[in-house]
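Here the structure comes first, spelled out in structure tokens, and everything after it is commentary.
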Amino acid sequence: MAASVAKKNLFFQLQCHIRYTWTVVLLLVLLPVLLQGQEPEETCKSDSDEGCGCAATSRDKAASYSKPAEGEGGAATSNSDKKSSETEGGSATTATRTNQMVFVRGGEFTMGTDAVRFPQDGEGPARRVRVDSFYADVYEVSNAEFEIFVKDAGFVTEAEKFQDSFVLENIISEQVKREITQAVAGAPWWLPVPGADWRHPEGPDSDISSRMDHPVVHVSWNDAVAYCTWAGKRLPTEAEWEYASRGGLENRLYPWGNNPMPKGEHRMNIWQGKFPEENTEEDGYYSTAPVTSYKPNKFGLYNTAGNVWEWVSDWLSVRHTKELQVNPKGPASSATNDKVKKGGSYMCHEDYCYRYRNAARSQNTPDSSASNLGFRCFADKLPQGVGEVKVVEL
Ligand SMILES: [Ca+2]
Ligand SMILES: [Ca+2]
């Protein structure tokens, strides 16, 4: 793995060098234009710049770990303290089931955007896409639902096999943090925490007993596929996910429109304050929120934007045709071994990681997991025993 990472780094440096050479040539040619205040469109940026470290939680990026700087990051507070006002107690046997699905009639829509915020993500161009009808999970998969699967199938997640997962530094206890000797280069707020998994979201001294209705986290793409298969469902394609998240609205930033807070009302769990040192929790939550929080979109889906990122089935490509696509499933493979994730998370802030827009996307390798990454399932037919939610348009 070290050799392949070294090759990747060398390739990246070569790319930068070639672009640098071309930039010098272009600067000479375009000097009169540049003097009028225009800037070159793209530069070689690290993952931690505009990319904001969203992909820093991939396992194969592990070689970029470095020792965390002394005193880096904000004051660590245990997540259980932060959650004192949230839903209390319960296990899968007592928690309300949140595995309902809603029928989404297929159609044609505009996927992506021409108002691209992060060109390197492949948000654009806007293109017409047609999808067939499907059923969509109303909610992100909760801890309670995932526990039923684990108990029934005897399933062990990849974070449990690897015996670590990525956690936002701020929500780790001081005791756990003291034992960690590595951080992610360029994204020091991510720490690889030994013993962090879906039952222990902030490491061995944390649990989910007060968060059974929160989205399951620390689940890899492979884990998500296993769950959906067990449930008689499947992961959505990126096109289906975005169609569902847009809720029948064309060219809107968010699942309900363009205003992030219609009538001053919070509609999603993101980050308020200065990331990463300050989180004012104006939307009610420091990290994850119950999957039933806020209002659903017009198709009846909750929390597609924010709360946790959601895996989709597609391999990553950042180039898209403008031709009409019918039921696109993404490329057959990814040069970087990345799967797409959608919707942003409780860690997203407009200034830092403005990826809670319908068109936004990011990626991780399929064996990666983190404290802000979950999923929901879709299906072609309503599985047996799953309740259907009827959405009545007002
Ligand atoms: Ca929040
Ligand atoms: Ca979400």
For [X], check ring-ring contact (aromatic ring centres under 6.0 Å, His included) against everything at least two apart and list the hits.
| X | value |
| --- | --- |
| Tyr243 | Phe109, Phe299 |
| Tyr227 | Phe146, Phe149, Trp230, Phe375 |
| Phe275 | Trp189, Trp271, Tyr352 |

Which pairs with one or both residues in residues 316-351 pass ring-ring contact (aromatic ring centres under 6.0 Å, His included), sequence neighbours excluded?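 ring-ring contact (aromatic ring centres under 6.0 Å, His included) check on residues 316-351 returns no pairs.
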Do [X] and [Y] pair up side chain to side chain, a donor and an acceptor below 3.5 Å, judged on atom types alone?
| X | Y | answer |
| --- | --- | --- |
| Ser165 | Ser369 | yes |
| Asn222 | Ser220 | no |
| Ser142 | Glu145 | no |
| Thr110 | Arg128 | yes |
| Ser245 | Asn358 | yes |
| Glu140 | Asn303 | no |

ILVMFWY network linking Met101 to Phe134, side-chain heavy atoms under 4.5 angstrom: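 No; tracing contacts between hydrophobic side chains, which count when under 4.5 Å, never links both residues.
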Reported [atom1]-to-[atom2] distance for the pair [X] and [Y], which is rounded to 0.5 angstrom:
| X | Y | atom1 | atom2 | answer |
| --- | --- | --- | --- | --- |
| Leu249 | Lys298 | CG | NZ | 5.5 Å |
| Glu265 | Asp283 | CD | CG | 12.0 Å |
| Glu160 | Asp223 | CD | CG | 8.0 Å |

Please enumerate all residues that pass side chain to side chain donor-acceptor pair (under 3.5 Å) together with [X], with sequence neighbours excluded.
| X | value |
| --- | --- |
| Arg357 | Glu123 |
| Asn327 | Asp132 |
| Asp137 | Lys233 |
| Trp311 | none |

If we only count heavy atoms from C-beta on, is the [X] to [Y] side-chain gap below 4.5 Å?
| X | Y | answer |
| --- | --- | --- |
| Trp241 | Ser313 | no |
| Val102 | Leu301 | yes |
| Pro215 | Tyr139 | no |

Check for me whether Arg267 meets the cation-pi criterion with Tyr254, that is, NZ or CZ under 6.0 Å from the six-membered ring centre and within 45 degrees of the ring axis.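 Arg267 over Tyr254 ring: no.
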Centre of Trp315's six-membered ring, under 6.0 Å away, within 45 degrees of the axis: is that where NZ or CZ of Lys339 sits?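 Cation-pi check for Lys339 and Trp315: passes.
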To check you understand the geometry: which heavy-atom pair defines the closest contact between Ala289 and Asn307, and what is its length?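 Nearest pair, atom of Ala289 first, then Asn307: N-OD1, 2.8 Å.
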According to the salt bridge (Lys or Arg N to Asp or Glu O under 4.0 Å) rule, which pairs have a member within residues 304-331, sequence neighbours left out? Glu310-Arg376
Any disulfide (SG to SG under 2.5 Å) pairs touching [range], not counting sequence neighbours?
| range | value |
| --- | --- |
| residues 240-283 | none |
| residues 112-194 | none |
| residues 178-244 | Cys228-Cys377 |

Salt bridge flag under 4.0 Å for residues Arg59 and Asp164: yes
Please determine if Glu108 and Arg246 form a salt bridge, counting it only when a charged side-chain N lies under 4.0 Å from a carboxylate O.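 No, this pair does not count.
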Quick check on Gln175: does its CD atom have over 12 non-hydrogen neighbours (other residues, nucleotides or ligands) under 6.0 Å away? no
Of Thr292, Val141, Asp213, the one forming a side-chain contact (heavy atoms from CB on, under 4.5 Å) with Thr98 is Thr292
